[in-house]
*Asks:* 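If you scroll down you'll find the structure; I have some questions about it.
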Amino acid sequence: MSESVHELQSRALAQLDAIWDNESVEAWRVEYIGRKGAVNALFEQIGALPKAERGAFGKAANELKNALEAAFQAKVGAIKQRALSEALEAEPLDVTLPGRQPARGHVHPTIQTLREIYKIFGEMGFQVYRTRQVETDMMNFQLLNIPPYHPARDNWSTFYVAGAEEKVLLRTHTSPGQIRAMRAGYPNPVRAILPGMCYRYEQISARYEIQFNQVEGIVVGRHITFGDLKGTLTEFARRMFGARPVRFYGDHFPFTEPSAQMDVRCIICEGKGTDPLCKYTGWLEILGSGMVHPDVLRNGGYDPNEWSGFAFGMGPERITMLKHGIQDIRYFWGNDLRFLEQF
Amino acid sequence: MQVPVSWLQDFVDLTLPVDALAEKLTFAGLEVEDIEYIGLPSAKAGSNKTLAWDREKIFVAQLVEALPHPNADRLKIVRVAYGQGAPVEMVTGAPNIRVGDAGQKVVLALEGSRLYDGHQDGRAIMTLKKSKIRGVESAAMVCSEKELGLSDEHEGILILPDDAPVGTPLADYLGDAILTVKINPNFARAQSVLGVAREVAALTGQTVRLPQTWNTHAVGAPQTAFVEIEIADAQLCQRFSALLIRNVTLKPSPFWMQQRLLRAGMRPINNIVDITNYVMLGYGKPLHAFDYDALLARANGAMPKICVRPARAGEQMQTLDGQQRTFRAHDILVADARGPVGIGGIMGGSETEVSDATKNVLLESAIFDFISIRRTTAEQKLPSEAATRFGRGIPASQNVAPARVAAELMRDLADGAIDPALADNYPAPQPSITVEITTREVARLLGITMPLAEMERILRALDFTVTPLSAEALRVAPPAYRTDVDGADDVLEELVRIYGFEKIPSTLIADALPPLEGNVALEQEEQARDILVDAGLQEIVTYAFTHPAHESQLVPLETAATAFPLPARAYVALENPISAERSVLRQTLLPNMLDIAASNLRHAKRVALFEIGSVFLTRGAGETQPGDLPEDASLPLEPRRLGIVLTGLRHESTWQSAAVELMDFYDLKGIVQELGAGLHVRDLDFVATAHPALHPGRAAELRIGAAAVGVLGELHPLTREKWALPAQAVLVAEFDLEKILAHAETRFIVRTISRYPAIVQDIALLVDENVQAARVEGLIRQTGGALLTDAHLFDVYRGEPLPPGKKSLAYTLTFQALDQVLSDADAAKARAKIVARLARQVGAELRSG
Ligand SMILES: [Zn+2]
């Protein structure tokens, strides 16, 4: 008799092992641990046993019942788990199909570069000051030490406005903003950047456009030195182009003296001078700078014996071109979406 | 400017390799933009433009004999010696070697030499191989200029001067490096080989070698036995000098001079013209050679009297380029009694120019007002090397010495005889300038301590006269060949560029910060950009230039006065436009934006663009704009505008669904609403309007409160056709951005969120077709009061079973109180009030629920 408890357990568990559907598992439950199942039938046999065997048999039957119930619960869970797994695995996605991208616009690449410039100089205490685009000859040239027919004018091919009494022109650079920023700032110190569109009479080509942005910078204070110029612009270059060497060398602008050009180590050849981007020099021209000329300080309202300052100018399109390998400046106002959407 | 290094070495010893020297010059402000090597290896990989002549294979050689070729009439067999071993034998077809020739100096290239292929166009490199030419073995070659890369000349071989040293590697004899130097306006003194040599000397601690005659500071008399010189206005001409060289023989100039001219970028013509050019390139002084006999003839044999004077208006002369030119009163003429013989400093007249028949040369050296020269050069469109040099200024003290050098060259190379007299009118002697500079000033502006001795050393190297005044001050005078120094700032620049910018330590600004205010207008503009980009729009930037006809395609000018965005003001027109299509500044953004939309539609199915930029409006009386200075009162207004153009697919197609929905008015309106919400602009109103550029019934004026700030709508089909846009809705908007931003609330107040549950009810209202949704919603919100927290239009329906001329508007109403739980009865009461009000005011009937 006690042998059949073992036999029963082995049989039941072996049967259960092979079951993997809800119907069969229910049938199994009815057969073994249901109200009229095999386990209950064992209990019904207890009364017919000799008294001495009843205890042991009852214990064995109870153990059998617990074991089968536990096995049943485990099996139900396993079937559920397997069914879920099968259901989930039945509908796999091709993860390589394209996703649904939301329509996203882009800020124009020049404006993105301008924003970067604002941010870097903003953190150094520079304010952004925008000034007008149609200027007088006085503001664009004369107050910047460039009298009429001065040789320096060769550097600025100019669009003039027709019919104006005084000579009126489209600003050729953001430098007239220096005068405006100083006149607005006096008698406080000045620390400003002046962004905006400038215009030059050029044949449009891959290198030249008739309109382009510039960012001018001007600092005026009581103790501003060329060392400050170097420190400020070196910090700008580090933030804009990463930690790479810069160099300063002599240049000429009528409104600064001394004047210097700043280069950064070429981002392609790293100074080896092996690529056309840097014209095989290993260096990229980034900006022009210099100490504000005493005449210009005076024209801005500051006494050059008491005050000093530095100024600089750079082209955000050129910076964008260098950073992203753009070969042709005409891309900027061509506004081909296939270009703009890459930014 | 092109500076051959071989010429530079006439004036100064070079102590550095060419590339290091170039870098040093660049750092000192004399930028070397390019180095072209002739026959020498380039220092830098990738920039090698010419072939290096192999020192082991290409030599200066001498023709021993030229024999006929047994099998070809045009070919010769030549034997050439180059100082090593036996003469080399080869075949040549050069027409300038004849059978029987001997003794000529030639260039010999041995087997294995790399040369340019003379028989191919352009510059193709070949390696010289042993070959048989008509049965005769040939292992070497005598070279043409083209094969050596000296020029494109391949008619005959290069014949070197008789004194060329046989056996010398050609690289040592003719090799060179040509520096292309960018001359900034402050480097007028460096517009010559001598000028660059002075800079090299200062930078490398060398001294400059000058010709013997150089230091004659003699001033002559205006009248000599051969010419009299008069100057009408010392402002226009500070000095005019002349020398007479008699009995010159015109012929080609010698090989060395031709080579130098070519390498400096000028073509040789004849010895007299070449000498004037040579002195200009070498010494920086433009000269002009007159045919003296032509001047005599004009004076009927009497002594010529030359007068430098302003032109009489309308005066004419034929210049030596054959052009008849008419002058204005500000042009400077060199004239005799009969009229002009030259434009001062720019170009001579054809009647007195040097020709093959010239015997006697009157050599002019003069100093003209550089501003005037520049003006005439620009007006007469006569740029030249001479005008460029004059246009930057040449000191009057430097007038005579170069003329002497030229006269001596005419003596040596043209067999001329120099008249000892110097004709010289010098009415405005060059002022001498002194400047004081202190160590304190250097420290104040450069931020470094530069010892006085170092300042002295640098300035003396630059030929300044230096007088110490104290332990920290110098009095300095620039050399007479410089007129660009007149203040302490100029001296400071000289100090720093020679001292080296790299030696100045970088510092961070320690000075006081100005009061920081931010730039609210810019920050708001950037915020508007972000909102529009988030809404899926692409920013573009178009030209500020346009043409009036282009803009009137959008709005005909006659209606523009009332139709924003064109206010129909006089255009800001350009005096010198780049083209007719770009002759004025824009008054509206949309026309150029529509061009961009059209070009992109060739490859894109969805175009959603915006632009933020200035338009340019001629200023009306009393109009102002922020940032105006008093002197700006007549300059145009430059208001910032926002333009939007949408057309094409609302969503791009995907692999799951082919997109078919096109954008319509409500896409545009939604974006504008989003912009208003993002900027916190309250009270945006869209008021139906009629607009000549827009589709009737699909146009709205945007208002903020009572102020009109722009228009939006669907482009009129006829307008659309003018831009050749496809037949689909094109939505456009243009707004006055500054007016919108002026209403942006930077410190808006947040609405409190109720803790109590909301009651949500739907209502559907039957109204006449002409009742506008905004009116219905306005009444709902007004009547619902504080309890109504939202009214959302979820359906608009027309058609069966509704009667014609009616539509149904269905809203979801949300009622909620801040301070209590609303009962259904409270909500029902509020709702009934709304329905009653709508029935009364717009005749609305409740359809259901
Ligand atoms: Zn590089």
Side-chain angles (χ1 to χ4, degrees), chain A residues 97-98 100 103-108 110-111 125 127-128 130-134 149 151-152 159-162 168 183 185 188-191 197 201 210-211 219 221-228 230-232 234 247-252 257-258 260 273-274 280 291 293-294 308 333 335 337 340, chain B residues 26-29 44-47 184-186 371 374-375 391-392 444-447 489 492-493 496-497 501 504-509 511-517 519 522 529 532-533 536-544 572-576 578 596 600 604 614 616 627 635-636 638 654-655:
Chain A
L97 279 170
R100 279 180 218 108
R104 181 171 69 95
H106 309 75
V107 172
H108 190 277
T110 292
I111 309 283
Q127 304 199 46
V128 183
R130 293 195 290 189
T131 66
R132 52 179 311 116
Q133 302 177 36
V134 180
Y149 292 101
F159 282 112
Y160 288 97
V161 170
V168 174
R183 291 188 177 177
N188 290 313
V190 179
R191 203 179 295 190
M197 198 65 94
Y201 187 99
I210 52 175
Q211 72 179 34
V219 176
R222 291 189 180 271
H223 312 283
I224 302 295
T225 68
F226 196 91
D228 294 340
K230 277 185 77 176
T232 303
T234 303
R247 64 177 193 182
F248 289 82
Y249 60 93
D251 203 340
H252 174 74
E257 192 161 38
T274 50
Y280 306 100
M291 299 302 288
H293 194 284
S308 57
W333 322 139
N335 294 300
L337 290 173
L340 299 175
Chain B
T26 297
F27 270 66
K44 217 158 242 174
S47 62
N184 279 323
N186 61 331
I371 297 293
R374 294 178 54 76
R375 191 165 174 183
R392 288 174 170 173
R444 182 173 83 96
L445 293 170
L446 299 183
D489 50 311
L492 200 77
E493 179 159 70
V496 67
R497 66 182 191 85
F501 289 96
I504 298 182
S506 290
T507 49
L508 287 180
I509 306 174
D511 219 43
L513 260 182
L516 293 178
E517 282 155 359
N519 185 331
L522 176 71
R529 283 196 168 91
L532 292 166
V533 161
L537 270 60
Q538 173 63 52
E539 184 179 27
I540 60 173
V541 179
T542 66
Y543 284 110
V572 178
L574 300 178
E575 196 174 284
N576 55 337
I578 200 96
I596 300 296
N600 274 299
S614 290
F616 301 86
L635 295 177
E638 301 176 1
T654 70
W655 47 273

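Lettering follows sequence order; numbering is per chain, from 1. Since the structure is predicted, the reported quantities are computational estimates derived from the model, not experimental observations.
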*Asks:* Could you tell me which portion of B/N600 (side chain, backbone, both or neither) has an atom closer than 4.5 angstrom to a non-hydrogen atom of chain A?
*Replies:* side chain
*Asks:* Of the listed residues (B/N186, B/I540, B/N519), which shares the most heavy-atom pairs with chain A below a 4.5 Å separation?
*Replies:* B/N186
*Asks:* Report the residues that fulfil side chain to side chain donor-acceptor pair (under 3.5 Å) with A/T110, sequence neighbours left out, ordered by chain and then residue number.
*Replies:*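 Listed in chain order: A/E317.
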*Asks:* To the nearest 0.5 Å, what is the distance between CZ (B/R497) and NE2 (A/H252)?
*Replies:*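 Answer for the CZ-NE2 pair, B/R497 versus A/H252, is 12.0 Å.
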*Asks:* Looking only at heavy atoms, what is the nearest atom pair of B/F27 and A/Y249, with distance?
*Replies:* CA-CB, 3.4 Å
*Asks:* Run A/M197 and B/V541 through side chain to side chain contact (heavy atoms under 4.5 Å, CB included) and show every step you take.
*Replies:* CA-CA 11 Å; A/M197 198 65 94; B/V541 179; 3.7 Å; yes
*Asks:* So which of B/L537, B/V496, B/L522 has the largest heavy-atom pair count under 4.5 angstrom toward chain A?
*Replies:* B/L522
*Asks:* Heavy-atom cut-off 4.5 Å, strictly under: side chain, backbone, both or neither for B/I596 against chain A?
*Replies:* side chain
*Asks:* What residue in B/R392, B/R375, B/E517, B/R529 has the most heavy-atom pairs under 4.5 Å with chain A?
*Replies:*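 Option with the greatest count: B/R375.
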*Asks:* Distance-only, no hydrogens or angles: does the B/E539 side chain make a donor-acceptor pair with backbone N or O of A/H108 under 3.5 Å?
*Replies:*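 Yes; judged by distance alone, with no hydrogens or angles, the pair exists.
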*Asks:* Using a 4.5 angstrom heavy-atom cutoff, name the option from A/H223, A/Q211, A/R247 with the most pairs to chain B.
*Replies:* A/Q211
*Asks:* Of all of A/T225, A/V190, A/N188, which one pairs up most often with chain B through heavy atoms under 4.5 Å apart?
*Replies:*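 If we count pairs closer than 4.5 Å to chain B, A/T225 comes out on top.
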*Asks:* With a 4.5 angstrom heavy-atom cut-off, could you sort out which part of A/P294 is near chain B: side chain, backbone, both or neither?
*Replies:*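 For A/P294, side-chain heavy atoms alone lie under 4.5 Å from chain B.
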*Asks:* Specify the closest pair of heavy atoms between B/F501 and A/F248, including all atoms of both residues, with the distance to one decimal.
*Replies:* CB-O, 3.5 Å
*Asks:* Side chains of A/Y149 and B/R374: any donor to acceptor distance under 3.5 Å?
*Replies:*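 Short answer, no.
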*Asks:* Between A/F159 and B/I578, which heavy-atom pair has the shortest distance, and what is it?
*Replies:*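 For A/F159 versus B/I578, the nearest heavy atoms are CE2-N, 3.9 Å.
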*Asks:* Check each atom of B/T654 against the heavy atoms of chain A and say whether the ones under 4.5 Å are side chain, backbone, both or neither.
*Replies:* side chain
*Asks:* Would you mind telling me which of A/I210, A/V219, A/D251, A/T232 has the largest number of heavy-atom pairs within less than 4.5 Å of chain B?
*Replies:*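 Of A/I210, A/V219, A/D251, A/T232, A/I210 has the most heavy-atom pairs under 4.5 Å with chain B.
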*Asks:* Can you find a heavy atom in the side chain of B/P636 that is under 4.5 Å from one in the side chain of A/Q133?
*Replies:* no
*Asks:* Relative to chain B, which of A/G231, A/G227, A/S308 shows the most heavy atom pairs under 4.5 Å?
*Replies:* A/G227
*Asks:* Quick check on A/V168 against chain B: is it the side chain, the backbone, both or neither that has a heavy atom closer than 4.5 Å?
*Replies:*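 Side chain only.
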*Asks:* So which of B/T542, B/I504, B/L508 has the largest heavy-atom pair count under 4.5 angstrom toward chain A?
*Replies:* B/I504
*Asks:* Between chain A and each of B/G536, B/P505, B/A28, count heavy-atom pairs under 4.5 Å; write down the option with the most.
*Replies:*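 Result: the option with the highest number of such pairs is B/G536.
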*Asks:* Roughly how far, to the nearest 0.5 Å, is the OH atom of A/Y160 from the CG atom of B/N576?
*Replies:*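 The OH atom of A/Y160 is 8.0 Å from CG of B/N576, to the nearest 0.5 Å.
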*Asks:* Could you tell me whether the side chain of B/L516 reaches within less than 4.5 Å of the side chain of A/Q127, counting heavy atoms only?
*Replies:* yes
*Asks:* Which residues pass the salt bridge (Lys or Arg N to Asp or Glu O under 4.0 Å) test with A/R104, not counting sequence neighbours?
*Replies:*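 Per chain and number, A/R104 pairs via salt bridge (Lys or Arg N to Asp or Glu O under 4.0 Å) with no residue.
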*Asks:* Is there a side-chain contact between A/P258 and B/L445 in this structure, where contact means two heavy atoms from C-beta onward sitting under 4.5 Å apart?
*Replies:* no
*Asks:* Could you please spell out the steps behind the side chain to side chain contact (heavy atoms under 4.5 Å, CB included) verdict for A/R191 and B/I509?
*Replies:* CA-CA 10 Å; A/R191 203 179 295 190; B/I509 306 174; 3.4 Å; yes
